> 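The structure follows.
Quick caveat: nothing in here was measured; it's all calculated off a predicted structure. In what follows, every chain begins at residue 1, and chains take the letters A, B, ... in the order their sequences are listed.
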Amino acid sequence: MFPENQQNVQFPQLEAEVLDFWKSQKIYEKSLDARRDGPKFVFYEGPPTANGMPHPGHCLTRAIKDVFPRYRTMKGYYCERKAGWDTHGLPVEVEVCKEMGIHSKEEIENFGIEPFIHKCQASVWRYMQEWERLTERLGFWLKLDEAYVTYHQSYVESVWWALKNFYDRGLLYQGHKIVWWWAQGGTALSAGEVGQGYREVADPSVYVRFPLVEDPKTALLVWTTTPWTLPSNQFAAVHPELEYSTVEDEETGEHLILATALVEPLATKTKKNWKTIATCLGAALLGKRYLPPFDYYYKTLGDAQGRLADNPQATQHLAWRVVAADFVTTDSGTGVVHQAPAFGEVDYDVLKEEQDRFAPGEGPDLICAVGPDGKFTAEAPDYQGRWVKEADKDIAHELKTRGRLFLLDQYLHDYPFCWRADEDPLIQYPRKSWFLRTTQFKDEMVANNQQINWLPDHIRDGRFGNFLESNVDWALSRERYWGTPLPIWVCEETGQAEAVCSYAELEAKPGATGFEVWAAAKKKNPELVDDLKIHKPYIDAITYDSPFAKGAKMQRVTEVIDCWFDSGAMPFAQWGYPHQNADRFEEQFPADFISEAIDQTRGWFYSQLAISTLLFGKGGDGQTVRHEYPHPFKNCIVLGLMLGEDGQKMSKSKRNYREPNEIFDKYGADALRWYLFANQPPWTSIRYNEQSIKDSIPEFLLRLWNVYSFFTIYANIDGFQPEQALTGQAGQLSGADFAGAKGYRPAAERSELDRWVLSELNQAIATVVERMDAYDNYGACGALTNFVDALSNWYVRRSRDRFWSGDKESPEKQDAYWTLYECLITTCKLIAPFTPFLAEGLWRSLAGVFGDRAIESVHLCDFPAPDETAIDLQLSTRMNLIREISSLGRKARMDEKLKVRQPLSLVEVVLADATHQDWLESHGGLIREELNVKDVQFTQEGQKYIDYQVQPNFKRLGPKIGKLLPQVKAALAKADGGELLSQLESNGQITLEVGGQAIELDGEDIQVRLQAKPGWAAAQGKMCVVVLNKELTPELLREGYCKDLVRLIQDQRKEMDLAYTDRIEIGVTTDADELTAALTENGAYITGETLGESLVLNALTGATAIECEIGDFAAKLFVKKV
RNA sequence: GGGCGCAUAGCUCAGUUGGUUAGAGCGCGUCGCUGAUAACGACGAGGUCCCAAGUUCGAAUCUUGGUGCGCCCA
């Protein structure tokens, strides 16, 4: 016996039971053990930062990460799924600061770095339980208890190893990075923070004269919106391919140089009369020297020169000359751009390029007249100690006094402010920083990227490819506290440095001291986790004897590293490689599959690719282990972002989404999963829509459940017991395993309907396997939806008679059970990766009857493989035709208000072609039943009922006749369709006269459409027209009455809450002779349909009279349980 | 400001290499079915395929330029 179902299945409750079952029976562990010898399928978990509550968008990521490993496991692969947590970084520090109500670095340092990082470490775990619970509840199978954690010592030491490798290969260097700097707080802001703080402000916009050294009457006209950067001016940039004009002011006679395109607008704006006296390309201006607006540096360095790198004989002035820059535009300003490399990233790039042009050490140094506090230094004595923004006005005034100011204006633009102190504008400011020389490996990274299978594939050459093309060296260091310490120790005397790759290496250093700081802290608070000893501030205390200078000590640099480096190191650091687990790393590298949302393009996707290429690539130096591309991942699904219900980014404060837990409690994890997998390709950005989640229940889950429920009800009634029919082990419960069972007939011996549904099943399997192998969950789900629909709405419906029939042992009935059983069992396996709970629930019921002889969990089964011999495409086409005919028949009935319960004598089906006519004729029964008609006739001679519309086959004729097509179309439309067709039939072609030339069309060149003529109960589809005979004989009417009655009786049975198998007595009283005659005539039919023992034409004592209307006649119905 | 992506029915979304009647589900409406039943089926209404121009015999689809939204970067 199959378990009795609850009438009203509650999926969340079912899921809870399944979760318990998985846990108590260790199903996940078993699924891994069973595949241990299989080929590897390597999955990497991109570590979430457990720094906030998970929302539905995170469910998408975690669901996608689950479905493919599950699928591959069922396909026989061994897929480990090690969890991981990203624990370092600014977001954690910010979270802690928020909680403490502080925000500047100064406040952190006053509080103490030591207690601060204790708080950071503790904070990381705050939301982790929520994440673990979500992971589990969603059915994401992941080894949570063996998670890698980025602050663990073994992880940090792996990262150190990579950094030391890079350092030793000369890939780590110190330079300047221009950062968005919050001067008041003394800290750099991350891009995300800066992005939050933009707002529109009016800044002064100054046009300044830079007189040429060789011709002081002529000046470059230079534009800037940050006057305070002028004292630190180093260059003026022009675009080499733009045209520049020298104009003469007709009043003053002065000469100015600016971009030609801007002469007119600027002259208009300032009401100047300018005469162009010369033009040239920007390239011709390159190298021209000018007098900067302030001489703080110029007075000592103005004449300084250096030797050029490519020609040591030649020298050039270091600064204050015109240089080329591609970013110069004529959108605003003058086309000549003031360059203060200290205060702009692009300006700084210009400086670097200039430095590279000179012999090493001889190029221009960075000029910076501003201190980290945002105030001018002694190098600009006139403004010393003043906040830069506040000095703007005085600088403009000063320039005006000196005659250098051409125009002072206001400029409206977006400018970033500090998100923590919104009155404080940020400034770009140079900070010493450590860089990873990724640019040296750009070509390698590009080559590696080309080998990655990106989904969607536009990522490869689009967003990700473009990002690689514009690669800049990775600014690795952060002047923060909670992160992987940069493992570089510097000699206090010589400044020489070396990298260290483990704590043990430090301990072994000669003269190493400082370990007692950690020891003391641990003694004071034994709760401290040992991993902290490798963090600030403890690690900073460790010094050792310098190998570079006798008596000197080595001291660590103060920085920690970008936490993206942590996550990007995960392919090896998760194993503690190479200090340990070298074998684990080798067997789990590279990943077959990863997935994250598109915002990770420059995050985890890049950090992994960069680190992997530099460490294990093919082209680098000193690489000990090399791997063929692609690595560290081969296939990557880039998910779209999930937006809130209002189309905005999901945000807690906007409340535009529901907490995942509420979704699970209301609809269940499977409903959410199915919605995520089946509703759209995963890379489209989707709008959270609660209704759609809800809808996935009736659309798929419940529909399948109802089929299952139908099956168990009848299987139990009829005593269909596969576990008794089959002896021995049940194997995978596949068709092949059933072959020897009692009562099981090969598909070839079963009815067409059975063979059809098995063909559909195997086509579905083939599609699902093909789509899932291509990482296309959406396509796979489409095939599953179609199959379940076919199973429910055609197979079961058309097989009802067999399930109801009284003869329990009839082979046809047994066929129906075996067929449906096989379909359900196989569907369980097919849906297992997608909706693992429902699959398990169904499996435990359907396979449970075999007890120990069957596999205990569907997730331990093999994924079904299609049986090609069971697929019959022609049968599919034909069945579709029958379904279309049925559908059209119902439409025609409706148009004529002829309800389906009323039998009709005849339908005629006019086919567009005769291909399937014979087959259809032999399957008239299906149509007769479905449409409730006595006879079906097929014909192609439908002129009586229909018009034929002949159209060109555009796809075929287009390339052939091109421009004549519209005329051919018109000619065909004008001609009589029937005539054209008979012409085609007799001659094999149609000849048309179009545009003075004869066009010959064969059968392939045209397409025929059928159009029902008015006046008939007819409906047309693509392949046929269905025409009803509306004539109702008294006999047909009487039969209709009986069908009405059957339905009333069934209603009453239900009303009386009778068991499916209860037998009844029926009584009917009526004055209508027609009705009486009908009941007498069809008594056996009525009792047969309703399990009636007897049907009498009088009242039954002890039964309530039901007033009812049958046809147009009043009657009373009595139903009584026997 | 730059790069990438998206824009199709009231809602959520499909739409193959361009092919002439643009689909699904939900919702709405009408009807039907009735022992899978708090289900199910059929049909209908509902579309300037964001706008504009271009290429083409033919454009939701290709090109260009806009507009709006999102992401990443400034």
> Applying a 4.0 Å non-hydrogen cut-off, can you work out what A:Q967 is touching in the nucleic acid: base, sugar-phosphate, or nothing?
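No contact.
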> From A:Y1085 OH over to A:T1090 OG1, what is the distance, rounded to the nearest 0.5 angstrom?
9.5 Å
> Here's a test of your reading of the structure: between A:L791 and A:K969, which maps to the more 5' nucleotide of RNA chain B?
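Nearest nucleotide further toward 5': that of A:K969.
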> Taking the side chain of A:L1058 as heavy atoms from C-beta outward, which of B:rG41, B:rU34, B:rG35 is closest to it?
B:rG35
> Any base atoms under 4.0 Å from A:P952, or only sugar-phosphate, or nothing? Heavy atoms, all strands.
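Touches nothing.
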> Give a yes/no on whether any side-chain N or O of A:Q951 is located under 4.0 angstrom from OP1 or OP2 of B:rU21.
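Yes, within the criterion.
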> With side chains defined as the heavy atoms from C-beta onward, is the minimum distance between A:T827 and A:Y708 less than 4.5 Å?
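Not in contact.
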> Which nucleotide, B:rU37, B:rA14, B:rU20, lies nearest any side-chain atom of A:I713?
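Looking only at heavy atoms from C-beta outward on A:I713, the closest nucleotide is B:rU37.
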> Using both distances under 3.5 Å as the test, list the Watson-Crick or G-U wobble partner of B:rU20, or none.
none
> Checking contacts here: which listed nucleotide (B:rG3, B:rG19, B:rC33) is nearest the side-chain heavy atoms of A:K955?
B:rG19
> Applying the Watson-Crick and G-U wobble criteria at under 3.5 Å, what pairs with B:rU37? Answer none if nothing qualifies.
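In the structure as shown, B:rU37 has no Watson-Crick or wobble partner.
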> Would you measure the distance from the P atom in B:rA59 across to the matching atom in B:rU55 and give it in whole Å?
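B:rA59 and B:rU55 have their P atoms separated by 11 Å.
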> Could you state the interatomic distance from CZ (A:R460) to CG (A:L455), rounded to the nearest 0.5 Å?
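Between atom CZ of A:R460 and atom CG of A:L455 there are 9.0 Å.
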> Indicate, with a heavy-atom threshold strictly under 4.0 Å, whether A:Y778 touches base, sugar-phosphate, or nothing.
sugar-phosphate
> Using the C1' atom as the reference point in each nucleotide, state the distance between B:rU63 and B:rU56 in Å, no decimals.
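Per the computed distance, 12 Å lies between those C1' atoms.
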> Quick one: label A:N953 by what it contacts on the DNA or RNA (base, sugar-phosphate, nothing), any heavy atom closer than 4.0 Å.
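The answer is nothing, as A:N953 stays clear of every strand by at least 4.0 Å.
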> Classify the ring geometry of A:F720 against A:Y821: parallel below 30°, tilted from 30° to 60°, perpendicular beyond 60°.
perpendicular
> Quickly work out the A:E690 CD to B:rC11 C1' distance and round it to whole Å.
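Distance check: A:E690 CD to B:rC11 C1' gives 14 Å.
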> Under a 3.5 Å cut-off for both distances, is B:rG44 Watson-Crick or wobble paired, and to whom?
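When the pairing criteria are applied, B:rC28 turns out to be the nucleotide that pairs with B:rG44.
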> Does A:Y714 reach a base, just sugar-phosphate, or nothing at all? Heavy atoms under 4.0 Å.
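The residue A:Y714 makes sugar-phosphate contact but no base contact.
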> Between A:Y667 and A:F11, is the ring centroid distance below 6.0 Å?
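That pair fails the under 6.0 Å test.
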> From C-beta outward on A:Q680, which listed nucleotide comes closest to its side chain: B:rG41, B:rA14, B:rU34?
B:rA14
> Describe the nucleic acid contact of A:R1047 in one word from base, sugar-phosphate, nothing, applying a heavy-atom distance below 4.0 Å.
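The residue A:R1047 makes base contact.
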> So which nucleotide does B:rC71 pair with, by the Watson-Crick or G-U wobble rule with both distances under 3.5 Å?
B:rG3
> Quick check on the 6.0 Å ring-centre criterion: do A:F464 and A:F605 meet it?
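Between A:F605 and A:F464, which both carry aromatic rings, the centre distance is not below 6.0 Å.
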> Choose from B:rA42, B:rA14, B:rC40 the nucleotide whose nearest atom is closest to any side-chain atom of A:R890.
B:rA42
> Tell me what A:T601 touches on the nucleic acid: a base, only sugar-phosphate, or nothing, going by heavy atoms under 4.0 Å.
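Counting heavy atoms under 4.0 Å across all strands, no contact is made by A:T601.
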> Each nucleotide in nucleotides 55-61 of chain B should get exactly one letter: B, S or -. Can you fill that in based on protein heavy atoms under 4.0 Å?
--B----
> Pick base, sugar-phosphate or nothing for A:Q1050, based on heavy-atom distances below 4.0 Å to the nucleic acid.
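Here A:Q1050 touches the bases of the nucleic acid.
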> If you only use heavy atoms from C-beta on, which nucleotide in B:rA14, B:rA39, B:rU37 is closest to the side chain of A:N706?
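Shortest atom-to-atom distance from the side chain points to B:rA39.
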> For A:G462 and for A:Q949, locate the closest nucleotide of RNA chain B by heavy-atom distance; then report the residue assigned to the nucleotide nearer the 5' terminus.
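With A:G462 and A:Q949 compared, the 5'-side residue is A:G462.
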> What is the nucleic acid contact for A:S792, judged by heavy atoms within less than 4.0 Å: base, sugar-phosphate only, or nothing?
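The residue A:S792 makes base contact.
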> At under 4.0 Å between heavy atoms, what does A:V707 touch on the DNA or RNA strands: base, sugar-phosphate, or nothing?
base
> Where the side chain of A:S692 is concerned, which of B:rG41, B:rC26, B:rU12 is the nearest nucleotide?
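Closest nucleotide among those given: B:rU12.
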> List, with names and distances, any nitrogen or oxygen atoms from the protein found under 3.5 Å away from nitrogen or oxygen atoms belonging to nucleotides 63-70 of chain B.
| from | atom 1 | to | atom 2 | distance (Å) |
| --- | --- | --- | --- | --- |
| B:rG70 | N2 | A:R463 | NH2 | 3.4 |

> If pairing requires Watson-Crick or G-U wobble contacts with both distances under 3.5 Å, which nucleotide is the partner of B:rC62?
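Matched B:rC62 with B:rG54 under the 3.5 Å cut-off.
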> Which part of the nucleic acid, if any, lies within reach of A:K694 when heavy atoms closer than 4.0 Å are counted: base, sugar-phosphate only, or nothing?
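No contact.
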> For nucleotides B:rU48 and B:rG23, find the distance between their P atoms and express it as a whole number of Å.
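Rounded to whole Å, the distance is 16 Å.
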> Look at the side chain of A:R703 and decide which nucleotide, out of B:rG41, B:rC4, B:rA36, has an atom nearest to it.
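My answer, after comparing the listed nucleotides, is B:rG41.
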> Sticking with atom C1', work out how far B:rG68 lies from B:rG29, rounded to a whole angstrom.
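About 33 Å, rounded to a whole number of Å.
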> Looking only at atom C1', what distance separates B:rA7 and B:rC13, rounded to whole Å?
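Going atom to atom, C1' in each nucleotide, I get 12 Å.
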> So what does A:V1046 hit on the nucleic acid, given a heavy-atom distance under 4.0 Å: a base, only sugar-phosphate, or nothing?
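Since no nucleic acid heavy atom lies under 4.0 Å of A:V1046, the category is nothing.
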> Categorize A:R800 for me: base, sugar-phosphate, or nothing, with a 4.0 angstrom heavy-atom threshold over every strand shown.
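Base, at least one base heavy atom under 4.0 Å.
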> Say we look at B:rA9 and B:rG15: how far apart would their C1' atoms be, to the nearest angstrom?
14 Å
> Once rounded to the nearest 0.5 Å, what's the spacing between atom CZ of A:R703 and atom CD1 of A:I697?
13.5 Å
